[in-house]
There are 2 protein chains.
Amino acid sequence: MPSTKVKVGRVFHALGDPTRRAIVEKLSAGPLSVSRLATPFDITLTAVAQHLQVLEESGLVHTEKVGRVRTCRLETAGFSILEQWIGDRRSMWERRLDRLGDLLAESGEE
Amino acid sequence: MPSTKVKVGRVFHALGDPTRRAIVEKLSAGPLSVSRLATPFDITLTAVAQHLQVLEESGLVHTEKVGRVRTCRLETAGFSILEQWIGDRRSMWERRLDRLGDLLAESGEE
DNA sequence: GCAATACTGAAGTGACCACTTCACTAATGT
DNA sequence: ACATTAGTGAAGTGGTCACTTCAGTATTGC
């Protein structure tokens, strides 16, 4: 499945920005509207909206507009992709260390 | 400890680039010299060296120069910071859902 | 010693990114 | 109906980023 591979880059890129991480942090306490989300930051509402778009495209945040207010909540998809990627690297890394350990044990038992 | 917080951004930023992820992927199979690492990519050795510097500063890669050849291997530090950050968000998220579940159960039990 | 190898440093370039301003639409409160 | 609130769209700007070229320095093989 190439769909996961395409997205990892987006997730990493999204979380590379401190403001976007702060947004995620705030949202992990519960859903919020765009303007409520924007108040603590000293940047424009527009800027926050742009960040939210990036977060949404990377599957970290889901937003839904009802009436004139858009409510934002965290989404698991982006995080899953992230954890999967890290898990894959980790298992590859550990498998390698295992083989290395085998080799060392082998060379020592003669 | 603010030191971890300062670094998370660097790690995310480092892994936001596809070439750097490919480098990490190659290194997860075992240590490599800079030039051996560079051959599969159609970018300059210089560019690869720059990527390696970013990866090293983010604690994902450790390099050591012996003679004229610099050997690169993966480092756990960057990955740990990453996993810790995700774990923190996850636990905060799950704690919230638990509280939400409690509230729903409470309102339903009258 | 000399040539090839394996990088390193500095400076430049074009693309992308975060952020802004301004103008606009749509829903809501009174 | 009218003002306020909540967000959207487009266009511009400054800074950062990936990448290049070119010139230079150690190290190694012959």
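Order of the sequence lines fixes the chain letters, A, B, ..., with proteins taken first and strands second; residue numbering starts at 1 for each chain.
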Once hydrogens and angles are ignored, does a donor-acceptor distance under 3.5 Å link the base of C/dA6 to the side chain of B/R68? no

Taking atom types as they are modelled, would you say the side chain of B/Q50 forms a donor-acceptor pair with the base of D/dT20 within the 3.5 Å cutoff? yes

Write down the distance between [atom1] ([X]) and [atom2] ([N]), rounded to a whole number of angstrom.
{"X": "A/L45", "N": "C/dC24", "atom1": "CG", "atom2": "P", "answer": "19 Å"}
{"X": "B/E57", "N": "D/dC17", "atom1": "CD", "atom2": "C1'", "answer": "13 Å"}
{"X": "B/H51", "N": "C/dC7", "atom1": "NE2", "atom2": "P", "answer": "16 Å"}
{"X": "A/Q53", "N": "D/dT8", "atom1": "CD", "atom2": "P", "answer": "9 Å"}
{"X": "B/R36", "N": "C/dA6", "atom1": "CZ", "atom2": "P", "answer": "10 Å"}
{"X": "A/R70", "N": "C/dA27", "atom1": "CZ", "atom2": "C1'", "answer": "14 Å"}
{"X": "A/L55", "N": "C/dA18", "atom1": "CG", "atom2": "P", "answer": "10 Å"}
{"X": "A/L52", "N": "C/dC17", "atom1": "CG", "atom2": "C1'", "answer": "16 Å"}

First locate atom NZ of B/K7, then atom NE2 of B/H13, and finally report the distance between them rounded to the nearest 0.5 Å. 15.0 Å

For the atom pair CD (A/E56) and OG1 (A/T63), what is the distance rounded to the nearest 0.5 Å? 3.5 Å

Does B/T44 use its side chain to pair, donor to acceptor, with the backbone of B/A47 at less than 3.5 Å? no

Taking B/L15's backbone N and O only, do any of them form a donor-acceptor pair with B/R21's side chain (distance below 3.5 Å, no angle check)? yes

Heavy atoms of B/L52 and B/C72 approach each other most closely as CD1-SG, 3.8 Å

Does B/A47 reach a base, just sugar-phosphate, or nothing at all? Heavy atoms under 4.0 Å. base

Return whichever of A/D42 or A/G67 has its heavy-atom-nearest nucleotide of DNA chain C closer to the 5' end. A/D42

Aromatic ring centroids of B/F12 and B/W85 under 6.0 Å? yes

With respect to the phosphate group of [N], does any side-chain polar atom (N or O) of [X] fall under 4.0 Å of OP1 or OP2?
{"X": "B/S33", "N": "C/dA6", "value": "no"}
{"X": "A/T44", "N": "C/dT20", "value": "yes"}
{"X": "B/K65", "N": "C/dA6", "value": "no"}
{"X": "B/S35", "N": "C/dT5", "value": "no"}

The residue among B/L60, B/L55, B/V24 that forms side chain to side chain contact (heavy atoms under 4.5 Å, CB included) with B/L74 is B/V24

Please work out which residues in residues 13-20 of chain A have a non-hydrogen atom less than 4.0 Å from an atom of DNA chain C and list them by number. A/H13, A/D17, A/T19, A/R20

Are A/R96 and A/M92 side-chain neighbours, meaning at least one heavy-atom pair lies under 4.5 Å? no

Can you tell me which nucleotide in C/dC7, C/dC22, C/dG9 comes closest to the side chain of B/V69? C/dC7

Choose from C/dA6, C/dT8, D/dT8 the nucleotide whose nearest atom is closest to any side-chain atom of A/A49. D/dT8

